[in-house]
Amino acid sequence: MGLLSVCSGRRTIRHLLPVLCGGLLLTLCSGCNSQSQQPSQSPAADATASTAGSAAVAAAGSGSTGTASGSESQWRFIERTADSGVSFTYRNGEEAGNFSILESLGGGVAVLDFDADGHDDLCAAGGGQFAGKSVLPLPTGLYRGRSNWKFQDVAQLANVTDNAFYSHGIARTDYNLDGFSDFLVTGYGGLQLYLNCGDGTFQLQPDTCGLDDRQWSSSAAWGDLNGDGSPDLYAAHYVNWSWDNDPFCKGGPENGREICPPRSYTGLTDVLYFSNGDGTFRNVTSENPLTPEGKGLGVLIGDFDLDSDNDIYVTNDTVSNFLYENTGSGRLTDVSLASGSSLSSLGVPDGSMGIDACDFNADGQPDIWVVNYERETNAMYQNSGRLVFRHVSQRIGLNAVGGAWVGWGTCCQDFDLDGDEDIFVSNGHVIRYPTNAPLNQLPLLLENQQGRRLINAAASAGTGSWMDQPHMGRGAASADLDRDGDMDLVVACTNQPLGIVENATPRKAKAVLKVRLIGHKSAREPIGASLQLQSTPPQSRYVKGGGSYGGSQTEYVQLSIADPGNIPPLQIRWPSGIIQTVTSVPAEAINGLLQIHEPLTAEQPPRLVVLR
């Protein structure tokens, strides 16, 4: 039985039937302050220059080069943190005065529905602190979503506060396939897996589950890599920092200490685990060799070549990014350089952090989006098919956005409901005394202009909005927190409160369709599946594992509906290879959540379940 029954009273059904969202259940059968340092020079301790950099960034974000001052949409993002019940801050321990690179990464946030009540819940990494040479953990945050922008702090009740390590990332999954979301915490010292007992509580899994990694992990992602129906795990490692390898780097006032850049350290090789299907895991890194000495910060699992198995993309800090092609049954081949997706447009490595994928130009191929360090252009790698990518940032206007940003969490979503996916980026510096940009930084809101250009529209969100305020940004996640159809934001910051942000942008679409896929022949959460609404232009969405920085997005995807009376067909490509088309979306699904269950054969009709 492995570890499947460690929680008393636990439900262990392979494919749990859909959970009520508190309304109609209709079944139809029909046809924030940290990270990557650009190592070319040591930062000078010049407070005046830092202030000047702040002014320059504020000007850039307020309507100068690269800003959508002429954008057609009037964006609105309203902070809801104060009255939401969410009171949580990621702490990095900088008050101890160590200036360690450990303090630079910050934390991530995941969206999950851990109690299966139809409301999105939030889970956030807590970070850590120092006592002399001891690295001490801080608790994970867990908030249960209610209605009307209210959340309940349930971390203590749910037994998720007893962390053993200084933490960074949260990776959500349902690793034992019982219908309840579990999560993994990454950090300095190892991995911690929390099993959802199905009664509102979690149980920290022992080392006997097989997750024996004790290196410094930053982000992780889950996805079925070998086609056995159970989610496997890829964890990215950062650098070989320790108290015995903690050099003194200048850059503070009067040549005082500054956080060292990542080039001061060698990277660490990442780790890969395959599920045994019984709640335990086996380390397959040695039998499936990974590229050594990466400096990993972001991980995304998805089917980038649309061949019905999952590939892996890893963002690395100052060394080449990794793209692993899955050649079948979980055998990974590093195709990074050959793919064209691992370097900048100049052919050199960037300081890469956040990662997501979207079909930004509506050609049906998943493109890879990577956010980078200051004075480096954020990268859009356009997918030409067969894992061949082109760096198109300059062509689509990203060079005009400027490089005065240190990008972290990022989300590709159709925030204005016009059919194409826009991009949010959370920014914040990694060192204490930067000279080229401020510590707290404005976020980016890149409006997709019909797949031709990405324009920074943050300034059009208005004075006093979340987009108008600088933050020490880190991880970010998007979800429809108020269940009104558009995608809102949760943003983690370093030494600043977790931000809850409502998307109040006027809608361009008349209706919204949210879709959650439930696998049966594929994994229950079918990472690697793709959906295409055959509208004009078509809308492609992808089910992905991991992404952003140190976080996880929702299990559902969002599609814009121009005419609720004439919904185009929806084609789904399942990881099992089954392709099905939903030709008749029920009217009850509009502005609700439509669950689509995978058939066991391509000839079977789709089973649709509408949750309200």
Side-chain angles (χ1 to χ4, degrees), residues 35-39 101-102 104-105 168-169 171 184 186-191 210-223 225-226 232-242 244-247 260-274 281-301 304 310-327 329-344 347-353 355 368 370 372-373 381 387 389 545-546 549-550:
Q35 210 299 283
S36 154
Q37 155 84 356
Q38 180 74 3
I101 194 171
L102 180 60
S104 67
L105 295 196
H168 296 299
L184 178 93
T186 64
Y188 183 77
L191 305 172
L211 298 182
D212 56 359
D213 178 37
R214 291 296 176 261
Q215 296 196 75
W216 183 5
S217 56
S218 53
S219 294
W222 296 89
L225 296 169
N226 56 3
D232 307 305
L233 175 67
Y234 187 105
H237 290 149
Y238 194 44
V239 299
N240 69 338
W241 176 86
S242 69
D244 294 328
N245 184 25
D246 185 38
C260 290
R263 286 191 196 270
S264 299
Y265 309 89
T266 57
L268 300 172
T269 303
D270 299 336
V271 65
L272 178 65
Y273 291 94
F274 281 176
F281 300 86
R282 63 189 186 276
N283 190 328
V284 296
T285 309
S286 60
E287 59 195 77
N288 203 344
L290 303 176
T291 303
E293 296 187 5
K295 299 178 182 180
L297 288 176
V299 184
L300 186 70
I301 294 181
F304 300 119
N310 280 312
D311 313 298
I312 304 173
Y313 191 94
V314 183
T315 60
N316 288 309
D317 195 358
T318 71
V319 298
S320 301
N321 296 336
F322 300 151
L323 176 60
Y324 292 106
E325 179 185 7
N326 190 340
T327 58
S329 300
R331 296 185 297 273
L332 301 179
T333 301
D334 187 340
V335 297
S336 309
L337 290 175
S339 73
S341 68
S342 67
L343 301 171
S344 74
V348 297
D350 284 323
S352 299
M353 280 80 84
I355 169 72
I368 295 175
V370 176
N372 296 316
Y373 192 71
Y381 297 102
L387 292 181
F389 295 83
Y549 163 70

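Note: hydrogens, waters and symmetry copies are ignored here, and every other heavy atom, side chains too, is used.
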Evaluate Tyr265 against Asn245 for side-chain hydrogen bond (donor to acceptor under 3.5 Å, both in side chains), listing each step before the verdict.
CA-CA 8 Å; Tyr265 309 89; Asn245 184 25; over 6 Å; no
Verdict with reasoning, Tyr373 to Asp350, per side-chain hydrogen bond (donor to acceptor under 3.5 Å, both in side chains)
CA-CA 7 Å; Tyr373 192 71; Asp350 284 323; over 6 Å; no
Would Ile355 and Val299 count as a side-chain contact (heavy atoms from CB on, under 4.5 Å) if you check the C-alpha gap in whole Å, the side-chain angles of each, and the deciding distance to 0.1 Å?
CA-CA 7 Å; Ile355 169 72; Val299 184; 5.9 Å; no
Do Ile101 and Cys260 pass the side-chain contact (heavy atoms from CB on, under 4.5 Å) test, and can you show the C-alpha distance, the side-chain angles, and the key distance before you say yes or no?
CA-CA 6 Å; Ile101 194 171; Cys260 290; 5.6 Å; no
Does Tyr188 form a side-chain contact (heavy atoms from CB on, under 4.5 Å) with Leu105? I'd like the steps, not just the answer.
CA-CA 11 Å; Tyr188 183 77; Leu105 295 196; over 6 Å; no
Apply side-chain contact (heavy atoms from CB on, under 4.5 Å) to residues Asp232 and Phe281 and explain how you reach the verdict.
CA-CA 8 Å; Asp232 307 305; Phe281 300 86; 5.9 Å; no
Kindly indicate, with the supporting measurements, whether the criterion side-chain hydrogen bond (donor to acceptor under 3.5 Å, both in side chains) is fulfilled by Ser242 and Asp244.
CA-CA 5 Å; Ser242 69; Asp244 294 328; 4.8 Å; no
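Under the 4.5 Å side-chain criterion, counting only non-hydrogen atoms from C-beta, Thr318 is in contact with Pro262. Between Leu343 and Val348, every side-chain heavy-atom pair lies at or beyond the 4.5 Å cut-off. Taking 4.5 Å as the limit, every side-chain heavy atom of Leu191 sits out of range of all side-chain heavy atoms of Gln215. Residues Asn316 and Val314 are in side-chain contact: their nearest non-hydrogen atoms beyond the backbone lie under 4.5 Å apart. Counting heavy atoms from C-beta outward, Leu290 and Leu332 have side chains that approach closer than 4.5 Å.
Legend: residues meeting salt bridge (charged side-chain N to carboxylate O under 4.0 Å, His left out) with Asp213, ordered by chain and number and at least two apart, are absent. Partners of Tyr324 under the ring pair (Phe, Tyr, Trp, His ring centres under 6.0 Å) rule, at least two apart in sequence or in another chain, are Phe322. Remark: Phe274 engages no residue in a ring pair (Phe, Tyr, Trp, His ring centres under 6.0 Å) (not counting sequence neighbours). Scored by the ring pair (Phe, Tyr, Trp, His ring centres under 6.0 Å) test, Tyr273 finds no partners at all (sequence neighbours excluded). The ring pair (Phe, Tyr, Trp, His ring centres under 6.0 Å) check on Tyr381 picks up His391, with sequence neighbours excluded.
Closest heavy-atom contact between Gly190 and Ser217: O-OG, 3.7 Å. Across all their heavy atoms, Asn372 and Ser352 have their closest contact at OD1-OG, 2.6 Å. Residue Ala220 comes nearest to Leu233 through the heavy atom pair CB-CD1, 3.9 Å, listed as atom of the first residue, atom of the second, then distance. Across Ser336 and Leu323, no two heavy atoms sit closer than the pair OG-N, 2.8 Å. Shown here for Gly550 and Ser219, the closest heavy-atom pair between the two residues is N-OG, 3.0 Å. Residues Ser218 and Gly296 share a closest heavy-atom pair of OG-O, 2.6 Å.
If you take CD on Glu293 and CG on Asp270, they are separated by 11.5 Å, rounding to the nearest 0.5 Å. To the nearest 0.5 Å, the span separating CZ on Phe304 from CD1 on Ile368 amounts to 4.5 Å. For the atom pair CG of Leu337 and OG of Ser342, the computed distance is 4.0 Å after rounding to the nearest 0.5 Å. Taking CG from Asn310 and CD1 from Ile301, the interatomic distance works out to 6.5 Å, rounded to the nearest 0.5 Å. Of the inter-residue distances, the one linking Asn321 atom CG with Lys295 atom NZ reads 12.5 Å to the nearest 0.5 angstrom. A distance of 12.0 Å separates OH in Tyr313 from CG in Leu387, rounded to the nearest 0.5 Å.
Remark: the backbone N or O of Ala171 is paired with a side-chain donor or acceptor of Trp222 at under 3.5 angstrom. Looking at His237, its side chain never comes within 3.5 Å of a backbone N or O of Leu268 through a donor-acceptor pair. Between the side chain of Asp311 and the backbone N or O of Asn326, at least one donor-acceptor pair lies under 3.5 Å. Between the side chain of Thr315 and the backbone N or O of Met353, at least one donor-acceptor pair lies under 3.5 Å. Looking at Thr186, its side chain does come within 3.5 Å of a backbone N or O of Gly169 through a donor-acceptor pair.
The list of salt bridge (Lys or Arg N to Asp or Glu O under 4.0 Å) pairs with a residue in residues 329-341, not counting sequence neighbours, is empty.
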